[in-house]
Protein chains: 2
Amino acid sequence: MNKATDKVKGKKVFLIGGVPMDMDNCPVRDVMDHIAGKWNSLMILTLADGPLRFSELRRLIPDISQRMLTQTLRDLQRDGYLSRTVYPTQPPSVEYGLTDLGRSFLALLRPFVDWSVANHEAIRKARAEYDAAA
Amino acid sequence: MNKATDKVKGKKVFLIGGVPMDMDNCPVRDVMDHIAGKWNSLMILTLADGPLRFSELRRLIPDISQRMLTQTLRDLQRDGYLSRTVYPTQPPSVEYGLTDLGRSFLALLRPFVDWSVANHEAIRKARAEYDAAA
DNA sequence: CTGGATCCAAACTGATACTG
DNA sequence: CAGTATCAGTTTGGATCCAG
């Protein structure tokens with residue numbers, strides 16, 4: 001009935017929505033694991049309107065630590081979601097902005113934002129009911 | 001230029017794509033923080049084709065520990081993404097399936113899956129280049 | 001201003017053993 | 001079968017100090 005694990009050309013695969021995925025190199029898992037962090041998507045959303053500087057980002061996301069800000073920016077830059085531009089001023093200023101890949105991903109995030117707003121109450125209610133039952 | 005932090009009716013807000021978000025109760029952050037885990041979205045995708053039992057899920061996702069499987073199912077159930085049905089057989093069997101909310105979220109996940117497949121190579125390439133530059 | 005380095009606490013994960 | 005309990009290892013995150 002639900003034959004989700006099978007073999008295709010000798011490789012172990014995993015069916016996601018009917019699409020076979022190579023278990024050992026699953027694009028979805030790879031992308032997810034790197035974007036699913038607490039700050040990653042929020043960072044991309046924050047940069048939606050244009051490039052921002054390090055200090056601006058720290059101000060706009062008050063509850064991120066400097067360490068996490070640096071790390072998140074590095075991770076996203078490494079995966080190609082955003083670019084880092086250094087301006088040789090004194091003192092130096094650095095701007096972070098979305099790349100084409102980043103903007104492409106941002107497009108995916110927007111429906112998610114709308115969905116979250118639309119369903120937040122339902123989720124909060126579900127949570128409250130679950131906790132009450134316990 | 002980028003006036004992302006402002007005040008609306010005395011509340012600190014955060015602009016996401018032009019939409020003001022209450023910082024202290026941001027739906028996007030709340031939903032994200034609970035769905036962004038390593039296994040959550042994968043679990044929803046795995047249940048896309050219909051309800052599955054505990055042992056079936058463990059078999060379909062071989063690299064999840066029993067502990068994480070239990071915990072992931074609990075979390076998703078608590079937030080209303082999936083339902084848990086116990087059948088009074090001997091030995092007992094339990095089925096997990098998507099709720100309407102879960103299916104609604106699944107619809108959001110599908111474009112993400114397609115995007116991951118389409119852009120996986122670009123990301124791998126960006127990573128390789130970044131690492132090479134270092 | 002933009003981080004890098006270090007130390008420490010907390011959270012997350014996995015392996016194992018055990019129960020109704 | 002479907003979990004719970006426990007413990008150890010790993011990772012994550014925050015605070016602080018420092019440097020180009």
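Residue numbers start from 1 in every chain, and the chains themselves are labelled A, B, ... in the order their sequence lines are given, proteins ahead of strands. A quick note: this is a predicted structure, and the numbers were derived from the prediction, not measured.
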Generate the contact string for nucleotides 15-20 of chain C. Rules: B means base contact, S means sugar-phosphate contact only, - means no protein heavy atom under 4.0 Å. B-B---
Please report the C-alpha distance between B:W39 and B:D63 in whole Å, then the side-chain angles of each, then the deciding distance to 0.1 Å, and finally whether the side chain to side chain contact (heavy atoms under 4.5 Å, CB included) criterion is met. CA-CA 10 Å; B:W39 305 109; B:D63 54 340; 4.0 Å; yes
Have a look at the helix from C:dC1-D:dG20 to C:dG20-D:dC1 and give the angle its two end axes make, five pairs each, rounded to 10 degrees. 50°
Are A:D100 and A:R103 close enough for a salt bridge, meaning some N to O gap below 4.0 Å? yes
Check against side chain to side chain contact (heavy atoms under 4.5 Å, CB included), A:T85 and A:V94: CA-CA 6 Å; A:T85 312; A:V94 180; over 6 Å; no
Hey, is the side chain of A:T70 poking within less than 4.0 Å of OP1 or OP2 on C:dT2, counting only N and O atoms? no
Keeping the roles fixed (side chain from B:R58, backbone from B:Q66), state whether a donor-acceptor pair exists under 3.5 Å. no
Side-chain N or O of B:R74 less than 4.0 angstrom from OP1 or OP2 on D:dG3? yes
Quick one: A:L57 CG to C:dT2 P, roughly how many Å, whole number? 9 Å
Between A:E56 and A:R59, is the side chain to side chain contact (heavy atoms under 4.5 Å, CB included) condition met? List the steps. CA-CA 5 Å; A:E56 293 176 309; A:R59 194 164 38 78; 3.8 Å; yes
Starting at atom CD1 of A:I64, determine the distance to atom C1' of C:dG3, rounded to an integer number of angstrom. 14 Å
Which class fits the ring pair A:W115 and B:Y81: parallel under 30°, tilted 30 to 60°, perpendicular over 60°? parallel
Roughly, in whole Å, what's the span from CG in B:L69 to C1' in C:dG14? 13 Å
Mind calculating the distance between CG (B:D75) and P (C:dA11) to the nearest angstrom? 15 Å
Does A:N40 have any side chain to side chain contact (heavy atoms under 4.5 Å, CB included) partners at least two apart in sequence or in another chain, and if so, which? A:I35, A:T72, A:L76
Once you round it to whole Å, what is the distance between C1' of D:dA19 and CD of A:Q90? 13 Å
Whole-Å distance, A:R58 CZ to D:dG13 C1', equals 16 Å
A:E95 atom CD is separated from C:dT2 atom C1', nearest whole Å, by 14 Å
Please pick, from D:dG14, C:dT13, C:dT2, the nucleotide with the shortest atom-to-atom distance to any side-chain atom of B:K38. C:dT13
Quick one: do A:N119 and B:V31 satisfy side chain to side chain contact (heavy atoms under 4.5 Å, CB included)? Show the steps, please. CA-CA 9 Å; A:N119 295 93; B:V31 173; over 6 Å; no
Contact class for A:R84 vs. all strands (heavy atom < 4.0 Å): base, sugar-phosphate, or nothing? sugar-phosphate
Counting only side-chain N and O atoms of B:Y96, is one of them less than 4.0 Å from OP1 or OP2 of D:dC1? no
Please report, rounded to the nearest Å, how far the P atom of C:dG4 is from the CE atom of A:M68. 12 Å
At less than 4.0 Å, is any side-chain N or O atom of A:R53 found next to OP1 or OP2 of C:dC1? Yes or no. no
For the CZ atom of A:F105 and the CG atom of A:L45, what is their distance to the nearest 0.5 Å? 9.0 Å
